[in-house]
Amino acid sequence: MTDERLYPFDKIEKKWQRFWRDKGLFKVDTDNYKNKYYCLMMFPYPSAALHVGHGRNYIIGDVVARYKMMRSFNVLAPMGFDAFGLPAENAAIKGGMHPEASTLNNIKTMKRQLGQWGVEYDWNREVVSCLPDYYKWTQWIFVKLYENGLAYKKKAFVNWCPSCKTVLANEQVVNGGCERCDTEVTQKELEQWFFKITAYAERLLMDLGKLEHWPERVKTMQKNWIGRSEGVEIDFKIEGSAETLKCFTTRIDTIYGATFIALAPEHSLVEKLVSGMKGEKEALKSIIKMRNESKISRADANIEKEGVFTGRYVINPVNSEKIPIWAANYILMEYGAGAIMAVPAHDQRDFEFARIYKLPIKVVIDDPKNPLNAERMKEAYVQEGVMVNSDKFNGMKSELAVEKIADYFVEFKYGTRSVQYKLRDWLISRQRYWGAPIPIVYCQRCGTIAELEKNLPVLLPKDVGFRPTGESPLKFYKEFVNTECPRCKGPAARETDTMDTFVDSSWYFLRYITPHLKDKPFDTELVNKWLPVDQYIGGIEHAILHLLYSRFITKFLYDIKMIGFDEPFKNLFTQGMIIKDGAKMSKSKGNVVSPDELISKYGADTVRLYTLFIGPPEKDAEWSDRGVEGAYRFLGRVWRLAEKVTSHKPQVTSKVERKLTKEEESLRRKTHLTIKKVTEDIEGGFHFNTAISSIMELVNETNDLLAIDAELDPVRGNVLNDAASAVVILLSPFVPHIAEELWQILGKENSIFKLKWPTHDKSAVTADVITMVIQVNGKLRSRIEVPFGIEEDKLKEAVLSDTKIKEFVHGRAVRNFIVIPKKLVNIVI
RNA sequence: GGGCGGGUGGUGAAAUGGCAAACACGAUGGACUUAAAAUCCAUUGGCCGGAAGGCCUUGAGGGUUCAACUCCCUCCCUGCCCACCA
């Protein structure tokens with residue numbers, strides 16, 4: 001590639017970017033909500049610099065915004081930054097800049113990059129989540145949740161590095177060790193704040209049904225994450241005690257096969273149960289060891305099963321058998337009751353555990369085809385079957401027994417029917433500096449008190465030390481901690497944990513409507529006009545957490561009548577990742593492609609076009625620098641095409657009436673077919689790659705007509721001019737700079753984005769003669785030309801008189817003659 | 001391990017029950033040029049054939065159908081996410 005440019009992209013791109021900003025093309029007056037269209041892209045975390053993988057999201061959003069503008073919508077396209085987070089704090093610990101300085105710096109870089117891409121926003125509405133005027137309202141939402149009983153404190157485990165004496169994020173745990181010093185990570189119990197998202201589990205699940213325009217795969221992931229299951233909660237009597245032990249099971253049909261009880265090592269009864277038993281000390285030691293295993297490996301079904309007998313028993317209510325109680329590492333406190341009735345014959349994890357500790361395996365559901373033998377089983381039988389060894393339920397089908405035994409338990413008050421969710425409450429406490437402080441005060445007299453609205457925001461002090469201590473750096477900042485109780489004015493201490501950044505991002509889409517409001521998080525009336533968001537665009541990696549949390553907060557704000565809708569995003573589009581050398585683009589893998597270099601070499605339009613042409617936007621795509629050159633050459637061809645069409649413009653303006661030639665007619669049809677195809681591709685699910693390829697076809701065909709050596713008269717000039725204009729308009733959302741410039745070259749006025757998107761002329765797209773494909777026994781054998789709208793008998797006659805078909809049919813009986821109108825004929829012989 | 005995707009030419013891909021490989025990249029040959037770049041033209045899934053044409057081909061195997069890349073079943077491979085990265 002030489003320095004010589006195929007077209008002067010460097011000049012025109014800056015020129016038009018300035019033009020759009022000066023004219024306020026993307027500026028929106030929210031009071032004018034008629035015909036509104038809220039086009040939202042997930043706001044980014046301000047990491048060092050953007051790569052072309054990030055770009056895909058913004059380019060897609062920009063295309064949608066520009067397209068909708070041309071469809072006469074009043075488009076709101078705002079942008080902001082999810083600016084709190086771990087990386088900035090880690091950099092500060094390593095001796096870099098203060099998190100605020102580095103974050104604001106990165107934001108500056110990213111805004112410059114977005115501008116270079118020609119991605120435009122209404123920057124007057126920018127929200128930055130680490131600034132007090134924003135996090136004041138994040139804290140306000142916390143207070144509202146607290147007042148409504150949806151924010152509470154409880155003990156929970158964190159990853160802990162005993163050597164660095166610090167809390168580690170999952171990301172900072174590498175193969176069970178600390179990423180800095182490789183010391184084995186342990187689990188430490190801390191008092192932490194939670195949001196009670198589980199109170200919304202049922203609604204979050206049910207309302208997935210309302211989200212017609214969300215990708216199925218995202219809805220499926222959310223559904224599985226919420227993980228609703230119906231079952232029975234059994235109250236087991238503990239032998240020699242007045243206490244009961246609750247176990248949840250979805251397989252009550254296997255109750256007669258329960259041969260032990262397994263408790264999570266964290267279960268509140270564990271210490272009590274082992275106290276006084278023989279070997280109590282050793283038992284406690286192994287329980288503590290199990291508690292220290294990482295949560296990730298504990299949740300792995302392949303974990304090496306480990307456990308310890310507590311020395312105590314429960315009574316099985318159905319047959320009064322004594323069942324030993326064990327503590328086991330594969331039971332998680334977070335799910336169900338933190339205790340299970342273990343049925344080794346019919347649950348694989350229980351089966352493995354029973355084999356290790358030589359616990360009995362009792363078959364209670366038999367395989368009707370292949371009777372089971374407990375001693376010879378190699379794995380648990382988890383399918384349905386016929387009840388055996390189950391007293392009066394013997395012989396019943398297990399799927400029926402699930403219902404019958406549940407009824408029986410309810411009747412005799414052995415337990416209750418119960419619904420469990422995998423979804424757990426949302427742990428929002430972070431023992432870190434760079435986040436929104438949790439607005440809670442601990443008063444010696446009044447207890448735990450939420451900060452008053454008039455005292456918000458609880459400001460994050462700037463001059464703190466970042467040495468890792470395992471506690472929030474705020475804890476050592478006396479001026480922050482020591483405060484007065486908002487109620488009694490007595491001495492009090494502030495909460496020093498900060499909030500998970502997902503809290504910041506669970507409501508930002510509401511702030512964009514009225515970003516500068518001082519006395520409220522948002523204006524309810526206007527928000528109700530502009531939301532739900534018409535189109536949300538972001539990465540598939542947010543399919544669960546961010547989208548679920550945003551739905552939760554939206555439902556909460558709906559319940560407290562702050563907003564009038566209970567789902568935030570009407571249409572969701574999740575784009576795929578850009579892959580380079582077989583891996584996700586990331587700084588650590590060293591495979592990032594910087595947009596700056598590419599833009600200076602080929603221009604932003606080329607980078608945009610390639611990013612859109614690379615493949616279906618919802619799928620992952622492999623980046624290729626070669627492909628970029630292809631996009632660049634195409635834009636060069638379009639540029640020359642517009643120049644040629646303009647220079648060939650016939651001088652004669654008087655009307656010349658004549659019929660179009662075959663080629664002219666064909667280009668006219670192609671022009672309108674392309675308008676139709678591009679519009680359908682965009683509307684029908686963002687098929688930008690095929691939209692662009694159809695424009696390429698139109699360019700090729702226009703060039704073909706230009707290449708025909710003939711004197712240009714106004715008739716041909718018009719056909720060419722219409723084709724070139726269509727090319728430029730249809731390309732404009734994708735490559736806005738070159739489109740604006742060519743629009744001028746073609747002699748048109750005004751910004752192309754003030755134009756109405758074209759519609760195709762129905763009469764121009766119908767041909768009088770169509771080609772039909774002829775198959776014999778499903779194999780392509782011939783094709784014939786027939787008049788449009790031919791009757792079936794005439795078509796049959798024409799087909800059977802085709803010479804090639806005659807050869808194939810040749811005396812054999814036609815058994816079936818299938819006609820797919822306007823497409824194909826299949827003759828079955 | 002669990003959950004969710006994906007598998008089509010040398011490459012990115014198109015076709016979502018009806019012509020497999022549109023569009024583009026790369027490659028090869030040619031034109032232009034002192035030369036290169038750019039541009040333009042031709043060829044480009046595989047096999048057989050001088051050609052006309054024929055046969056085969058969408059990860060593997062089976063099924064449904066007049067017709068399957070597309071729907072169903074079994075298997076293989078692969079990517080992403082998994083609650084403190086955002």
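In what follows, chains carry the letters A, B, and so on, assigned in the order in which the sequence lines appear, proteins first and then strands, with residues in each chain numbered from 1.
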Base-pairing mate for A21(B) - Watson-Crick or G-U, with both contacts under 3.5 Å: none

Spacing of the C1' atoms in U16(B) and G6(B) (rounded, Å): 15 Å

Spacing between R637(A) atom CZ and C23(B) atom P, to the nearest angstrom: 12 Å

Proximal nucleotide (of A22(B), C81(B), G18(B)) relative to the K823(A) side chain: G18(B)

Selection from A86(B), C19(B), C84(B) that lies nearest to any side-chain heavy atom of L780(A): C19(B)

Base-pairing assignment for U58(B) (Watson-Crick or G-U wobble, both under 3.5 Å): none

Nucleotide paired to U43(B) in any strand shown, Watson-Crick or G-U, under 3.5 Å: A27(B)

Centroid-centroid under 6.0 Å between F84(A) and Y135(A) rings: yes

Phosphate contact (A83(B) OP1 or OP2) by R424(A) side-chain N/O below 4.0 Å: no

Separation of the P atoms in U39(B) and A14(B), to the nearest angstrom: 25 Å

5' priority, RNA chain B, between Y610(A) and M577(A) [closest heavy atom]: Y610(A)

Integer angstrom distance from the P of G10(B) to that of U57(B): 16 Å

Working for ring pair (Phe, Tyr, Trp, His ring centres under 6.0 Å), residues F634(A) and F613(A): CA-CA 12 Å; F634(A) 170 71; F613(A) 186 60; 8.1 Å; no

Sugar-phosphate only, base, or nothing, as touched by F634(A) at under 4.0 Å among non-hydrogen atoms: nothing

Of the listed nucleotides C85(B), C40(B), G12(B), the one nearest the side chain of R640(A): C40(B)

N700(A) side chain near A24(B) phosphate (N/O to OP1/OP2, under 4.0 Å): yes

Between C19(B) (P) and I774(A) (CD1): distance, integer Å: 13 Å

Base paired to G9(B) (Watson-Crick or G-U; both N/O distances under 3.5 angstrom): none

Side chain of P616(A) - closest among A86(B), A13(B), C4(B): A13(B)

Sugar-phosphate, base or nothing in reach of S624(A), heavy atoms under 4.0 Å: nothing

hbond_proxy N826(A) side chain to C66(B) base (donor-acceptor, 3.5 Å cutoff): yes

Atom-to-atom span, NZ of K219(A) to P of G5(B) - whole angstrom: 13 Å

N329(A) CG - G1(B) P separation (whole Å): 17 Å

No-H, no-angle donor-acceptor pair, Q192(A) side chain to C84(B) base, under 3.5 Å: yes

Side-chain-base donor-acceptor pair under 3.5 Å for R217(A) and C4(B): no

Counterpart base for C4(B), defined by Watson-Crick or G-U wobble contacts under 3.5 Å: G79(B)

Phosphate contact (A86(B) OP1 or OP2) by T501(A) side-chain N/O below 4.0 Å: yes

Nearest-angstrom distance from the residue atom NE2 of H546(A) to P of C85(B): 16 Å

R633(A) side chain near C40(B) phosphate (N/O to OP1/OP2, under 4.0 Å): no

Proximity of F142(A) and W193(A) rings by center, below 6.0 Å: yes

V773(A) side-chain proximity, nearest of C84(B), G3(B), C19(B): C19(B)

Intermediate values then yes/no, salt bridge (Lys or Arg N to Asp or Glu O under 4.0 Å), R626(A) and E629(A): CA-CA 5 Å; R626(A) 292 268 192 203; E629(A) 287 192 22; 5.2 Å; no

L6(A) side chain, from C-beta outward: closest of A24(B), A38(B), C56(B): A38(B)

Per E697(A) side chain, nearest of listed nucleotides G12(B), U39(B), A22(B): A22(B)

Y549(A) OH - C82(B) P separation (whole Å): 11 Å

Counter-base of A38(B), judged by Watson-Crick or G-U geometry with both distances under 3.5 Å: none

Chi angles and distances behind the side-chain contact (heavy atoms from CB on, under 4.5 Å) call for V503(A), W426(A): CA-CA 10 Å; V503(A) 183; W426(A) 175 11; 3.7 Å; yes

Separation of atom CZ in F353(A) from atom P in G1(B), rounded to whole Å: 22 Å

Sugar-phosphate, base or nothing in reach of L545(A), heavy atoms under 4.0 Å: base

Axial cation check for Y330(A) ring with K305(A), 6.0 Å and 45° limits: yes

Proximity to the side chain of I820(A) - top-ranked nucleotide from G18(B), A24(B), C84(B): G18(B)

Touch class at under 4.0 angstrom, heavy-atom based, for F817(A) against every strand present: nothing

Under-3.5 Å donor-acceptor pair between R432(A) side chain and C84(B) base: yes

Who pairs with C85(B) - Watson-Crick or G-U, where each distance is under 3.5 Å: none

Distance in angstrom units between N777(A) CG and C55(B) C1', rounded: 16 Å

Proximity of W507(A) and Y134(A) rings by center, below 6.0 Å: yes

Short side-chain N/O contact from N689(A) to OP1 or OP2 of A14(B), under 4.0 Å: yes

Side chain of R626(A) (C-beta onward), nearest among C25(B), A83(B), C40(B): C25(B)

Partner nucleotide of C32(B) by Watson-Crick or wobble geometry (both distances under 3.5 Å): none

Salt-bridge present (D500(A), R430(A); N to O < 4.0 Å): yes

Nearest-nucleotide 5' precedence on RNA chain B, G615(A) against S694(A): G615(A)

Non-hydrogen atoms of A88(A) and T103(A) that approach each other most closely: CB-OG1, 3.7 Å

Among C4(B), G6(B), A83(B), the nucleotide that comes nearest once only the side chain of W225(A) is considered: A83(B)

